[in-house]
Peer 1: 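Quick one: structure below, then a few questions.
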Amino acid sequence: MLLKSSLPKIRWQSWVKPWQQVDWILFCLPVAVSMFGGLMILSTELKQPVTDWWWHWLVAIIGSIIALLLARYHYENLMRFHWITYALTNFSLMIVMIAGTSAKGAQRWISIFGFNVQPSEFAKIGMIITLAALLHRRTASSLESVFRVLAITAIPWGLIFLQPDLATSLVFGAIVLGMLFWANANPGWLILLISPVVSAILFSIPWPLSEPIKLLKELSFSPLGLAWAGAMGIVGWQTLPWRRFYIGALPLSSGAIASWALNMLGGELGVFAWNHVLKEYQKDRLSVFINPEHDPLGAGYHLIQSRIAIGAGEVWGWGLFKGPMTQLNFVPEQHTDFIFSAVGEEFGFVGCLIVLFVFCLICFRLLHVAQTAKDNFGSLLAIGVLSMIVFQLIVNVGMTVGLAPVAGIPLPWMSYGRSAMLTNFISLGIVESVANFRQRQKYY
């Protein structure tokens, strides 16, 4: 009894104290999604000679541990080293260009001890940290600050685009737009930022009921593109703080002219890239979602089979390991980009709704952390991660049901991919650090 009383009392609270402010709902939901994703990957590989679904769970466990360790590390320290983070991000992307491993026509990986690591995935975290530090010191309420952010983003974005990795470059764009919006950028400026890309799509893709207007052999205009360029001229006239003037009774501004000209240039560059730069598989991915039946055994095969699998699940699905399309491997790359089609077939409409509801809860908790962070840096970190997750979720689910082009964007925490999984959990750990070091409050 005396010995027992002399021993120091160890309370379990002392073990969890470093994580007492962690958002456990936000932490547990991605872990649950990862475990469920491992089951769905197992289902897609049951009839295959080689299975590696267990890697998904193993990497998820490692990622969860990393996230918990990062939650104890004060996120404000990241701001002091953001230029080092930025330099390492660019250096890793340049290493890929020099000595990377190629697969499926792209050079995106570095082989480290026999494992292929994709630096472009981790570059997302580097850019979120860098942009959060920049926008913390100077908000995006001025054009100068916006252009500064774009200039800094241009280098890693260009290195990723040249790999080529169109999917990750699109995710970069979503991160930048989301963080600029949260940093008080004018919404009209953000529309103008993405408008040249929209013009390039409208000018280059042959849309139904929209025959191009050809002036020269290499110069044509799309009616939809012309209408969009005119609309962007109006947005520039209303939002850009540049000189206004009149031509007769017509009110104009240099902002309106610049916006219109930028979209016309973007449209023509889109036509040039479509005809001379993009590879055939890239063009097929961008256009096949409009009419996948045009090439049912080629570019449209993924999309058609994915939609059939989701439709076959009906309301309740066939059950785990029982989906015929999944078990007979009709959907290519189902364990990676098209994992959501396996959910639709084996768990039906109800299962898809539950998965989407869980992702909505994750996004809601990320937004809550951003709103309750104690400073702008922490808030911007959370918004950067939220922008990354939301964009990947919308595009991945959209492409499996035919509402978005097949862009090769994985579903967070569910698609097979070790680098992507670690990236998502590292991002989660950074956000949990923001939650852990904010003011004490009651959750709702």
Side-chain angles (χ1 to χ4, degrees), residues 131 134-135 138-154 157 161 166 169-210 212-213 215 219-274 286 290 380 383-384 386-388 390-391 394-395 398 403-405:
L131 296 184
L134 294 176
L135 293 171
R138 185 183 302 175
T139 66
S141 56
S142 66
L143 283 175
E144 179 185 358
S145 180
V146 173
F147 288 142
R148 183 167 177 251
V149 167
L150 296 179
I152 290 172
T153 307
W157 184 90
F161 187 79
L166 178 61
S169 63
L170 292 175
V171 178
F172 259 54
I175 292 171
V176 171
L177 290 175
M179 296 183 73
L180 284 175
F181 176 78
W182 197 254
N184 204 31
N186 190 312
W189 300 349
L190 303 182
I191 294 174
L192 291 175
L193 282 178
I194 65 173
S195 64
V197 178
V198 177
S199 293
I201 295 173
L202 293 178
F203 272 68
S204 57
I205 295 180
W207 295 90
L209 305 178
S210 177
I213 303 171
L215 297 183
L219 185 62
S220 62
F221 300 103
S222 165
L224 289 175
L226 290 173
W228 174 261
M232 291 303 100
I234 296 174
V235 173
W237 178 60
Q238 292 290 332
T239 61
L240 292 176
W242 294 345
R243 187 175 65 89
R244 301 189 178 190
F245 55 90
Y246 285 84
I247 298 180
L250 181 64
L252 291 174
S253 74
S254 53
I257 296 174
S259 301
W260 176 83
L262 181 64
N263 278 270
M264 294 299 293
L265 177 62
E268 291 306 316
L269 288 176
V271 174
F272 176 81
W274 184 267
L286 291 173
I290 300 175
L380 286 163
I383 285 298
L386 174 62
S387 302
M388 178 181 70
V390 168
F391 182 79
I394 292 174
V395 174
L403 297 179

Peer 1: Taking atom types as modelled, find out whether N184 and S141 have a side-chain donor-acceptor pair closer than 3.5 angstrom.
Peer 2: no

Peer 1: How about L180 and L135: do any of their side-chain heavy atoms sit closer than 4.5 Å?
Peer 2: yes

Peer 1: Show the nearest heavy-atom pair for residues I175 and G384, with the distance to one decimal.
Peer 2: CG1-O, 4.0 Å

Peer 1: Is the closest side-chain heavy-atom distance between I191 and T239 below 4.5 Å?
Peer 2: no

Peer 1: Do V395 and L170 pass the side chain to side chain contact (heavy atoms under 4.5 Å, CB included) test, and can you show the C-alpha distance, the side-chain angles, and the key distance before you say yes or no?
Peer 2: CA-CA 10 Å; V395 174; L170 292 175; over 6 Å; no

Peer 1: Measuring from atom CG of L202 to atom CG of N263, what distance do you get when rounded to the nearest 0.5 angstrom?
Peer 2: 9.5 Å

Peer 1: Work out which heavy atom in S387 is nearest to a heavy atom in A174; give both atom names and the distance.
Peer 2: CB-O, 3.7 Å

Peer 1: Any side-chain to backbone donor/acceptor pair from W157 onto S169? Under 3.5 Å, distance only.
Peer 2: yes

Peer 1: What pair of heavy atoms forms the shortest contact from L193 to P196, and how long is it?
Peer 2: O-CD, 3.4 Å

Peer 1: What pair of heavy atoms forms the shortest contact from W228 to S195, and how long is it?
Peer 2: NE1-O, 3.2 Å

Peer 1: On a heavy-atom basis, which atom in G233 and which in S259 lie closest, and how many Å separate them?
Peer 2: CA-CB, 4.1 Å

Peer 1: Could you check whether any side-chain N or O of S145 sits under 3.5 Å from a backbone N or O of T139, counting only pairs where one atom can act as donor and the other as acceptor?
Peer 2: yes

Peer 1: Mind listing the closest non-hydrogen atom pair of L190 and A185 along with its distance?
Peer 2: CD2-CB, 4.1 Å

Peer 1: Hey, could you give me the CE/CG distance between M179 and L380, rounded to the nearest 0.5 Å?
Peer 2: 5.0 Å

Peer 1: As an exercise, state the distance from CG of L143 to CH2 of W189, rounded to the nearest 0.5 Å.
Peer 2: 4.0 Å

Peer 1: Indicate yes or no: at least one non-hydrogen side-chain atom of L192 is less than 4.5 angstrom from one of L240.
Peer 2: yes

Peer 1: Nearest 0.5 Å please: distance from the CG atom of L265 over to the CH2 atom of W260.
Peer 2: 10.5 Å

